[in-house]
Asks: 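Here it is, the structure, as structure tokens.
Quick note on labels: first sequence line is chain A, next is B, and so on, each numbered from 1. Note: hydrogens, waters and symmetry copies are ignored here, and every other heavy atom, side chains too, is used.
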Amino acid sequence: GEDVEQSLFLSVREGDSSVINCTYTDSSSTYLYWYKQEPGAGLQLLTYIFSNMDMKQDQRLTVLLNKKDKHLSLRIADTQTGDSAIYFCAETYGTASKLTFGTGTRLQVTL
Amino acid sequence: DTGVSQNPRHKITKRGQNVTFRCDPISEHNRLYWYRQTLGQGPEFLTYFQNEAQLEKSRLLSDRFSAERPKGSFSTLEIQRTEQGDSAMYLCAIRDGNSPLHFGNGTRLTVT
């Protein structure tokens with residue numbers, strides 16, 4: 001079955017880079033996503049990468065994909081206090097293209 | 001603006017009561033999804049519609065749950081005879097083709 005795993009917590013200082021990691025099991029994943037969730041809110045799409053890509057950069061965000069190891073990471077450069085949230089990794093598989101989510105990584109940004 | 005409106009934002013109900021949530025996409029999208037998120041967990045897939053057809057249901061969707069999308073636009077999710085274990089955030093999302101899912105802000109259900 002499909003499984004997506006993330007570390008639960010990450011603390012960084014404001015201005016440093018954050019790296020949030022994710023591993024998945026389904027080698028047939030077509031797209032991999034990063035979503036951000038602030039308290040009491042829904043999920044906000046941050047970025048996504050197609051499975052035939054290794055890297056995608058979007059302003060302060062860099063996504064790296066290692067298909068061989070089924071490892072996905074999200075790097076946030078110059079982390080700000082407004083980046084404090086829970087970050088979810090997700091993958092799509094199958095004809096329904098429904099998403100399977102990890103348990104989320106809580107990012108805490110300290111001054 | 002996520003393009004998806006969910007109502008109500010919060011619902012508190014007593015165990016055994018029925019509840020209904022509504023999802024209104026702002027514009028037309030062929031696929032509509034329902035997810036459930038319990039505290040400390042990622043969202044879990046419940047069901048999805050392509051236009052008005054319900055094409056897949058998760059094992060999480062017990063007989064007490066029913067979802068409809070009568071005209072292929074808005075959708076409703078009803079839970080009958082609610083149980084405390086139904087307490088969660090219920091999220092609606094929309095999608096066209098291979099585009100990413102865009103989520104609404106969810107309905108938080110508390111069953112007392």
Asks: I'd like to know whether CG of A:N52 has more than 12 heavy-atom contacts from other residues, nucleotides or ligands below 6.0 angstrom.
Replies: yes
Asks: Answer whether the closest heavy-atom distance between the side chains of A:Q44 and B:H102 falls below 4.5 Å.
Replies: no
Asks: What's the spacing between A:L99 CG and B:Y48 OH if we round to 0.5 Å?
Replies: 12.5 Å
Asks: So which of B:G40, B:P43, B:A93 has the largest heavy-atom pair count under 4.5 angstrom toward chain A?
Replies: B:P43
Asks: With a 4.5 angstrom heavy-atom cut-off, is it the side chain or the backbone of B:E44 that approaches chain A, or both, or neither?
Replies: neither
Asks: Do other residues, nucleotides or ligands put more than 12 heavy atoms under 6.0 Å from B:I12 CD1?
Replies: no
Asks: Between A:G42 and B:L91, which heavy-atom pair has the shortest distance, and what is it?
Replies: CA-CD2, 4.1 Å
Asks: For the backbone of B:L101 and the side chain of A:Y35, can you confirm whether one donor and one acceptor N or O come within less than 3.5 Å of each other?
Replies: yes
Asks: Quick one: CG on B:L46 to NZ on A:K98, what's the gap to the nearest 0.5 Å?
Replies: 11.0 Å
Asks: Does B:K11 have more than 12 heavy atoms from other residues, nucleotides or ligands lying within 6.0 Å of its NZ?
Replies: no
Asks: Could you list the residues that satisfy salt bridge (Lys or Arg N to Asp or Glu O under 4.0 Å) with B:E83, not counting sequence neighbours?
Replies: B:R64
Asks: Between B:P100 and A:Y33, is there a side-chain heavy-atom distance shorter than 4.5 Å?
Replies: yes
Asks: Would you say CD of B:E68 has more than 12 non-hydrogen atoms from neighbouring residues, nucleotides or ligands within 6.0 angstrom?
Replies: no
Asks: Can you pull out every disulfide (SG to SG under 2.5 Å) where at least one residue sits in residues 3-75 of chain B? Sequence neighbours excluded, please.
Replies: B:C23-B:C92
Asks: How long is the straight-line distance from CZ of A:F101 back to CD of B:Q41, given to the nearest 0.5 Å?
Replies: 13.0 Å
Asks: Using a cut-off of 6.0 Å, state whether more than 12 heavy atoms not belonging to B:R15 lie near its atom CZ.
Replies: no
Asks: So which part of A:Q6 gets closer than 4.5 Å to some heavy atom of chain B, the side chain, the backbone, both or neither?
Replies: neither
